[in-house]
Amino acid sequence: MVITPEIPLKDLASSNASAHVLEDYRFDYCCGGQQSLAEACRSAGHDLQQVMIALDAALALGDTQPVAPTRTLAELIAFIVDTHHAFTRAELPRIQDLVEKVTAHHGERHPELNVVRDAFLALQAELVPHLMKEERILFPYILDFERHRQGESPSPPAACFGSIENPLQQMLSEHEAAGSLLKQLRRLTNDFEAPTDACTTYRSTYRALEALERDLMRHINLENNILFPAARALAADAG
Ligand SMILES: [Fe+2]
Ligand SMILES: [Fe+2]
C-alpha cells in the first residue's frame, strides 16, 4: 500500500498495521472512511507528514494482514457475526452492570457518570436491535445473492423491502447514530481517562467502554467499507 495524502481512510483501514495507527490517532475510519488522509488530519489538527511517517513505519514493520482475511461474503459475514457481534453481545450487559454500579456508588461525587450511563444505555438500545436486523434480514439476503452468483440458485432473492439499497441505508444510518454516541462517550469520559480518585470498578468501566469503541470501529469498518459495497455490486450484477 502506498501512503499518499489523498488515500481514503477506508483503504488504510484494510490492513491491521495501518488500522492500528488510525486508532492511535483516533481517526473515525468507519463512518468517516471516505475522507482522505489529508482531510482527516486537517479536521483533527494532526500533522499530515507525521501521520504518514507513522503509517509507513507501521506498514514496514507491523502486521500487514488484511483486517478480514476472508475470500467470500459468506466467510466475511461469519467472521463479523462470530467475532464482532459475539463480542458486542457479551460486553453490553457486562458494561451495563459496571456502569450502573459505578453510577450508584459515585454518581453524586462525579455527576458526569449519570450522563455517561445515559449515553451508554442509548448506545445499547441502538445496537441490540441493529445486530438482530443484520443477522435476520440483511445478511441472509446478501448470502442469497452470493449463492445466486455462484449458480446455486436460479434467480436472485426476492425481498419485501424492495432494493438492497433500503436496508443498506438503514444500517448505515444506524452506524452513524452509534458512532455519534461513541464520540459523545469519549468526550464525556475525557477520552476514557478515569479521575485520579477513581476506584477499580470505575477504571474497569472506562477501559471496557474504550474496548467496545475499538471493536465497534473495526466492526463498522468491515460492514461500511467492505461488505456493503460488495453486496451493492452483487445486486447490481444480478440486475
Ligand atoms: Fe454488524
Ligand atoms: Fe452494523
Side-chain angles (χ1 to χ4, degrees), residues 8-16 19 22-23 26-35 65-96 119-147 157 159-186 208-235:
L9 295 188
K10 69 181 175 60
D11 291 0
L12 291 166
S14 63
S15 101
N16 277 316
L22 298 183
E23 286 162 3
R26 294 180 190 147
F27 286 123
D28 171 10
Y29 63 78
C30 47
C31 293
Q34 304 295 336
Q35 273 192 310
Q65 288 296 308
V67 283
T70 58
R71 285 175 298 117
T72 63
L73 295 190
E75 285 175 1
L76 177 57
I77 286 172
F79 179 81
I80 289 172
V81 172
D82 295 346
T83 309
H84 296 296
H85 286 204
F87 179 83
T88 308
R89 280 211 177 87
E91 282 298 280
L92 288 176
R94 189 180 80 84
I95 299 175
Q96 186 187 350
F120 169 77
L121 292 176
L123 178 65
Q124 186 177 34
E126 184 73 42
L127 288 174
V128 171
H130 176 80
L131 300 183
M132 203 163 72
K133 281 184 251 177
E134 286 182 341
E135 289 175 19
R136 293 200 184 160
I137 300 167
L138 180 59
F139 291 174
Y141 186 61
I142 296 174
L143 292 173
D144 282 347
F145 259 117
E146 189 170 61
R147 276 193 285 272
C160 57
F161 43 72
S163 151
I164 194 168
E165 209 46 54
N166 296 325
L168 290 183
Q169 286 304 327
Q170 176 67 27
M171 295 304 107
L172 288 169
S173 85
E174 292 178 12
H175 291 167
E176 291 268 356
S180 85
L181 286 163
L182 287 169
K183 284 198 182 97
Q184 208 177 318
L185 279 165
R186 181 169 272 287
L209 284 171
E210 189 165 27
L212 181 71
E213 179 202 56
R214 182 168 283 229
D215 188 80
L216 281 168
M217 286 281 278
R218 292 176 181 194
H219 173 181
I220 294 174
N221 172 49
L222 292 180
E223 292 173 353
N224 280 15
N225 299 321
I226 302 178
L227 179 63
F228 294 179
R232 199 175 272 131
L234 262 183

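The shown structure was predicted, so the numbers you read here are calculated from the model rather than taken from an experiment. In listed order, ligands and their atoms are each counted from 1. Quick note: numbers below take in every heavy atom, side chains included, and nothing from hydrogens, waters or symmetry partners.
Residues E134 and H85 bring a donor and an acceptor atom of their side chains to less than 3.5 Å of each other.
Distances from the Fe ion (ligand 2) to each N, O or S atom of E134 single out OE2 as the nearest. Nearest N, O or S atom of E223 to the Fe ion (ligand 2): atom OE1.
No option in E176, Q34, H175 other than H175 meets the side-chain hydrogen bond (donor to acceptor under 3.5 Å, both in side chains) test with N224.
Side-chain atoms of E146 come within 3.5 Å of backbone N or O of L73 as a donor-acceptor pair.
Within the 2.8 Å limit, H84 places no N, O or S atom next to the Fe ion (ligand 1). For H219, every N, O or S atom stays at 2.8 Å or more from the Fe ion (ligand 2).
Remark: R147 engages D144 in a salt bridge, criterion side-chain N to carboxylate O under 4.0 Å.
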